[in-house]
Enquirer: 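After the structure tokens below, expect a handful of questions from me.
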Amino acid sequence: MTIRDQKMQRYEPHTFEAKWQAAWEEAQVFTARHDPARQKYYVLEMFPYPSGRIHMGHVRNYTMGDVVARQKLAAGYSVLHPMGWDAFGMPAENAAMERGGHPKDWTYGNIADMRAQMKPLGLSIDWSREFATCDPEYYGQQQAMFIDMLAAGLVYRKNAVVNWDPVDMTVLANEQVIDGKGWRSGAVVERRELTQWFFRISDYSAELLDALDGLKDWPEKVRLMQKNWIGQSRGLQFAFSTVDAPEGFERLDVYTTRPDTLMGASFAAISPDHPLAKHLERHDPEVAAFVAECRKIGTSEEALEKAEKRGLDTGIRVRHPFDNAWELPVYIANFILMDYGTGAIFGCPAHDQRDLDFARKYGLPVLDVFEPAEGGDPVADEAFVPLKSEPVHYLRGFAGQEIQTGEAAVEAAIAFCEANGVGHGVTNYRLRDWGISRQRYWGCPIPVVHCDTCGVVPERKENLPVCLPDDVTFDIPGNPLDRHPTWRDCACPKCGAPARRETDTMDTFVDSSWYYARFTSPRAATPTNAAEADYWMNVDQYIGGVEHAILHLLYSRFFARAMAKTGHLPQKAIEPFNALFTQGMVTHEIYMTRDEAGRPVYHLPEDVEGGKLKATGEAVEIIPSAKMSKSKKNVVDPVSIIDAFGADTARWFVLSDSPPERDVEWTSAGAEAAFRHLGRVWRIASEIAASDVAANDQDAALEKAVHKAIHEVTQGIEGFAFNKAVAKLYELTNTIQKSGAGTAAKRVAMKTLAQLSAPMVPHLAEDIWAMLGGEGLVAQAPWPKANPALLVDDTVILPIQINGKRRAEIQVPKDMPREEIEALALAEETVAKVLAGQAPKKLIVVPGRIINVVV
RNA sequence: GCCCGCGUGGUGGAAUGGUAGACACAGGGGACUUAAAAUCCCUAGGCGCAUGCCGUGCCGGUUCGAGUCCGGCCGCGGGCACCA
């Protein structure tokens with residue numbers, strides 16, 4: 001072999017990756033075709049926010065989707081694999097505020113950059129269907145649906161609280177509130193009520209809950225999280241009669257999931273947002289001060305739960321429903337949510353830790369309602385809160401048995417109360433209606449007009465889209481739409497009189513709640529096209545991060561139902577995602593040094609070598625495995641990886657080693673190893689292409705290994721165990737390399753390896769395929785089928801355990817009868833020695849698996 | 001605080017309740033080379049001279065048999081309704 005030949009036989013992905021991408025493009029391999037003769041398959045990865053740079057998490061997400069899409073294409077499906085941009089949202093406005101410019105320019109510029117970074121990955125995406133949610137063609141259709149949903153009674157307005165920054169005079173998102181203060185102004189944030197638009201998702205609580213059972217191919221944990229989020233509960237709603245309450249508040253409605261503890265009640269409590277609290281606030285300075293204090297906590301449930309539990313005695317009392325002489329004080333308490341139940345509760349300190357803490361703090365009585373069935377001490381500092389399924393002994397019960405489970409006692413208590421005219425049993429949900437109003441510019445305008453005579457009037461559909469005006473500035477905080485007179489002022493669509501446009505825009509979750517449907521007909525003049533939606537829906541495989549397990553997925557499930565109700569989706573699409581896969585993050589070590597003041601200074605991976613800074617030799621502190629983030633500088637830029645190693649190496653790396661649902665740690669050693677392996681595969685292929693060995697007795701063994709690999713790799717891909725599929729491909733590579741089989745058999749083996757690798761490393765696969773004389777593109781070759789006859793082994797090795805510990809093994813024919821195996825096992829040397837002529841206590845034979853001898 | 005998940009060699013991980021550590025990374029040894037790179041081969045959980053013993057975050061339980069199932073902890077991660 002000459003030096004020139006050696007040079008030619010190197011794996012140089014840059015010489016062919018672009019070539020094969022052009023070949024796919026030329027052959028229109030990935031254009032989704034509505035072909036009624038073929039079964040369709042719709043693969044979708046959660047679309048990205050156009051931040052400007054792709055990161056390894058994207059590479060991992062889209063490579064997984066690509067593996068599925070390419071394998072299904074090879075398996076004969078008509079595949080839809082689209083890509084778009086979740087393009088509205090706060091970062092674009094923040095960029096405009098910080099750096100000047102316009103959110104639109106920033107966003108479209110980022111999209112162009114990210115598309116250019118994604119294309120070299122060689123993803124099998126039908127780019128002809130691409131859109132961004134900030135395209136007027138997209139959000140105009142969203143506005144049309146909003147109008148339809150408004151007409152269908154799915155949308156309404158009500159008051160709701162927001163975070164208000166009193167210095168910047170603007171509404172803040174929860175993430176912009178840090179320790180109760182505005183992120184820019186540092187001012188203490190207030191809760192303020194605004195009239196806002198809501199979707200009636202809570203009307204669908206029961207249905208969204210029940211339908212979870214049908215989502216067989218969703219992760220169990222996601223279904224469980226959604227179930228808990230919807231939060232169905234069975235309880236009693238009843239009214240206390242009040243003593244010394246203001247006029248109009250003669251009754252206080254409360255909801256409880258533990259009516260069986262009614263005889264252990266020691267106080268009632270209402271939310272600071274309860275109408276009674278609001279009434280008292282106006283007349284009582286002490287209440288006003290307390291309620292004002294409560295409103296500083298912020299709007300998130302997390303903040304509320306973590307805040308110190310506090311209350312204020314209103315002086316009002318309520319009568320116990322079963323004893324007119326028994327009066328309970330009414331507190332305003334900062335931990336009661338107005339949105340849940342009736343915004344008022346009764347507290348039973350003995351059997352609820354929060355109530356107990358509250359009672360101890362304010363010197364309220366603690367009455368034990370029940371004790372452990374076997375008896376126990378009265379409650380002291382720890383509430384007695386057994387599982388509802390556990391039987392307990394009732395001391396202050398009033399319905400049902402003396403010893404019964406909490407569940408039974410609750411039902412008995414509800415029945416008793418209903419029979420005695422004290423309230424009624426109700427089923428409640430934790431799920432609240434979906435507030436979509438955002439006091440921001442960069443979002444889909446809510447297409448309604450406020451008219452002094454007609455009230456709130458939807459825009460006429462022929463006037464859609466209601467486009468965002470371009471002439472806006474972000475030099476002062478707040479919503480530029482609010483101070484844009486020529487955009488804001490308009491004519492009422494109904495009476496023509498001067499009117500004002502709604503200046504709130506929609507939550508970006510609305511945008512992402514139907515993009516999957518729009519991909520089925522992305523240029524249609526209506527939100528969807530019935531025939532296309534009918535063919536392509538549902539999404540057969542949806543892939544994205546677990547961080548979307550609740551909100552995005554729940555909103556999408558609701559929105560699909562709302563679209564079906566308004567005629568924009570077929571009924572079969574109300575559960576839009578047949579299968580869901582939630583993938584893990586890409587992590588990396590963090591490299592840190594400290595400055596003179598001891599503050600941490602972070603360093604990029606490319607600036608560090610061998611635990612030291614390349615520039616200065618200073619040792620760095622290594623913090624293991626954390627989610628890649630710009631602020632910690634533990635990021636690896638996919639573009640630089642592709643430049644250094646090619647796209648296939650990046651793709652191969654993110655699929656190997658870690659199971660897809662778990663986090664994967666990016667290491668430069670791993671990336672180099674992936675590159676080396678692909679180089680080896682390429683070299684073995686080129687050696688086979690140049691070799692000429694006659695058929696021989698090793699061909700059969702190689703063929704068997706190939707078919708085993710077909711079976712196992714296919715199983716790995718279909719079961720979303722890409723790391724295992726990769727391991728099997730390593731094994732097959734090793735087998736081919738070591739095999740002394742003839743060239744013909746090796747060519748078949750290598751071509752099959754190319755086909756099995758194509759979903760993961762498509763460029764390399766094409767190159768090998770072409771090298772070995774494969775017909776056409778491997779991307780269009782049918783997926784190989786394993787011959788079942790070649791998958792079974794004639795003999796199996798059975799390990800023998802003695803008392804559960806492995807001591808020996810025997811090799812037996814695959815279908816040897818149990819009795820013969822038993823005899824062989826007992827005759828085995830080690831076993832015979834241990835038994836010493838005695839019969840075993842027990843002999844367990846699991847055919848094809850194991851033998852356990854118990855002595 | 002509440003809901004959900006995860007925890008296995010030096011590292012990433014594999015294992016329908018049935019041989020713990022497949023496959024790979026890093027390491028050690030060797031071959032080839034004037035040398036290096038590249039490549040190839042061998043080795044490899046810990047302890048012990050060894051029959052062997054110990055090992056899947058910790059404690060307990062079920063089972064002939066537990067990484068896997070159950071109960072209780074510890075640690076880490078995700079979500080908590082205006083981040084996307």
Side-chain angles (χ1 to χ4, degrees), chain A residues 6 10 46-49 51 86 88-91 160 162-163 171-177 196 201 219-222 224-229 231 299-307 309 335 339 353-354 430-440 507-509 511-512 545-552 554-555 582 584-585 587 624-627 656-659 661-665 667 669-670 672-674 676-677 679-680 683 721 723-724 726-731 734 737 797-809 840-844 846 848-854:
Chain A
Q6 281 178 346
R10 271 188 36 206
M46 290 180 185
F47 65 165
Y49 179 80
S51 61
D86 189 13
F88 275 135
M90 292 199 307
V162 294
N163 299 305
V171 176
L172 298 179
N174 282 338
E175 73 158 7
Q176 296 173 315
V177 180
Q196 311 213 54
I201 189 173
E220 186 58 43
K221 62 171 173 179
V222 174
L224 189 56
M225 279 191 266
Q226 293 220 349
K227 182 185 169 197
N228 290 336
W229 186 261
T299 57
S300 80
E301 189 169 314
E302 186 189 0
L304 222 55
E305 286 278 346
K306 282 184 178 167
K309 310 291 180 284
F335 55 88
D339 294 313
Q353 191 60 44
R354 196 175 56 184
R430 202 184 76 98
L431 181 64
R432 313 200 287 258
D433 276 336
W434 174 14
I436 60 155
S437 293
R438 297 293 181 271
Q439 295 70 40
R440 275 182 250 288
D507 178 8
T508 56
F509 274 126
D511 313 339
S512 55
V546 245
E547 64 271 24
H548 297 294
I550 296 175
L551 293 180
H552 162 62
L554 192 60
Y555 290 151
T582 55
M585 298 180 297
T587 62
S625 189
K627 180 177 178 168
S656 1
D657 289 355
S658 285
E661 67 275 14
R662 244 195 268 179
D663 294 350
V664 62
E665 166 109 353
T667 61
E672 279 158 27
R676 274 205 306 276
H677 171 73
R680 190 167 136 245
R683 206 174 49 249
N723 57 321
K724 285 187 252 172
V726 164
K728 296 303 173 190
L729 288 170
Y730 269 106
E731 272 179 15
N734 292 342
Q737 187 175 30
I797 292 171
L798 287 182
I800 302 178
Q801 293 183 332
I802 297 171
N803 290 337
K805 282 184 193 269
R806 183 184 174 282
R807 295 294 173 199
E809 62 183 37
K841 235 189 229 163
K842 207 168 178 181
L843 182 60
I844 291 138
V846 184
R849 276 287 170 194
I850 207 164
I851 301 160
N852 192 7
V853 186
V854 185

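Since we're looking at a predicted model, the values are computed, not measured. Lettering follows sequence order; numbering is per chain, from 1.
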Enquirer: Once you round it to whole Å, what is the distance between P of B:A84 and CD1 of A:Ile550?
Expert: 17 Å
Enquirer: Measure all distances between protein nitrogen or oxygen atoms and nitrogen or oxygen atoms of nucleotides 48-54 of chain B, and list the pairs falling under 3.5 Å.
Expert:
from, atom 1, to, atom 2, distance (Å)
B:C53, OP2, A:Arg807, NH1, 3.4

Enquirer: Does A:Gln196 place a side-chain N or O at less than 4.0 Å from the phosphate oxygens OP1/OP2 of B:C82?
Expert: no
Enquirer: Within a 6.0 Å radius of atom NZ on A:Lys309, are there more than 12 heavy atoms belonging to other residues, nucleotides or ligands?
Expert: yes
Enquirer: Whether A:Asn174 contacts B:A81 is assessed here as follows: a side-chain N or O lying under 4.0 Å from the phosphate OP1 or OP2. Is that the case?
Expert: yes
Enquirer: Just the rounded figure in Å: distance from P of B:C82 to CG of A:Asp511.
Expert: 14 Å
Enquirer: Got a sec, which residues hit salt bridge (charged side-chain N to carboxylate O under 4.0 Å, His left out) with A:Arg676, two or more places apart in sequence or on another chain?
Expert: none
Enquirer: So, taking the atom named CZ in A:Arg430 and the one named CH2 in A:Trp229, what distance separates them when rounded to the nearest 0.5 Å?
Expert: 5.0 Å
Enquirer: Which letters describe nucleotides 5-24 of chain B, given B = protein heavy atom under 4.0 Å from base, S = only from sugar-phosphate, - = neither?
Expert: S-S----BSSSB-BB--BSS
Enquirer: With a cut-off of less than 4.0 Å, is there a side-chain N or O of A:Asn228 near OP1 or OP2 of B:C4?
Expert: yes
Enquirer: Would you please name every residue forming a salt bridge (charged side-chain N to carboxylate O under 4.0 Å, His left out) with A:Arg438, sequence neighbours left out?
Expert: A:Asp507
Enquirer: With A:Ile851 as reference, evaluate A:Ile800, A:Ile844, A:Val846 under the side chain to side chain contact (heavy atoms under 4.5 Å, CB included) test and give the passing residue.
Expert: A:Ile800
Enquirer: Between B:G79 atom P and A:Glu302 atom CD, what is the distance in whole Å?
Expert: 10 Å
Enquirer: Measuring only the C1' atom in each nucleotide, how far is B:C6 from B:C73? A whole number of Å is fine.
Expert: 16 Å
Enquirer: Under 4.0 Å between a side-chain N or O of A:Arg432 and OP1 or OP2 of B:A81?
Expert: no
Enquirer: Between B:C54 and B:G5, how far is it from one C1' atom to the other, in whole Å?
Expert: 30 Å
Enquirer: Heavy atoms under 4.0 Å, any strand shown: does A:Trp434 hit a base, just sugar-phosphate, or nothing?
Expert: nothing
Enquirer: Could you check which of B:G1, B:C82, B:G78 has an atom nearest any side-chain atom of A:Lys306?
Expert: B:G1
Enquirer: Which one, B:C40, B:C83, B:C25, comes nearest to the side chain of A:Ala173?
Expert: B:C83
Enquirer: Write out the stems for RNA chain B, ordered by first number and formatted as range with range, counting runs of at least 3 consecutive Watson-Crick or G-U wobble pairs under 3.5 Å.
Expert: B:1-7 with B:74-80, B:10-12 with B:23-25, B:27-31 with B:39-43, B:45-47 with B:52-54, B:57-61 with B:69-73
Enquirer: For A:Glu305, give me all partners under salt bridge (charged side-chain N to carboxylate O under 4.0 Å, His left out), at least two apart in sequence or on another chain.
Expert: none
Enquirer: Going from CG on A:Leu304 to CZ on A:Phe335, what distance comes out if it is rounded to the nearest 0.5 angstrom?
Expert: 10.0 Å
Enquirer: Please determine, for the side chain of A:Leu551, which listed nucleotide (B:G78, B:C80, B:C82) has the closest atom?
Expert: B:C80
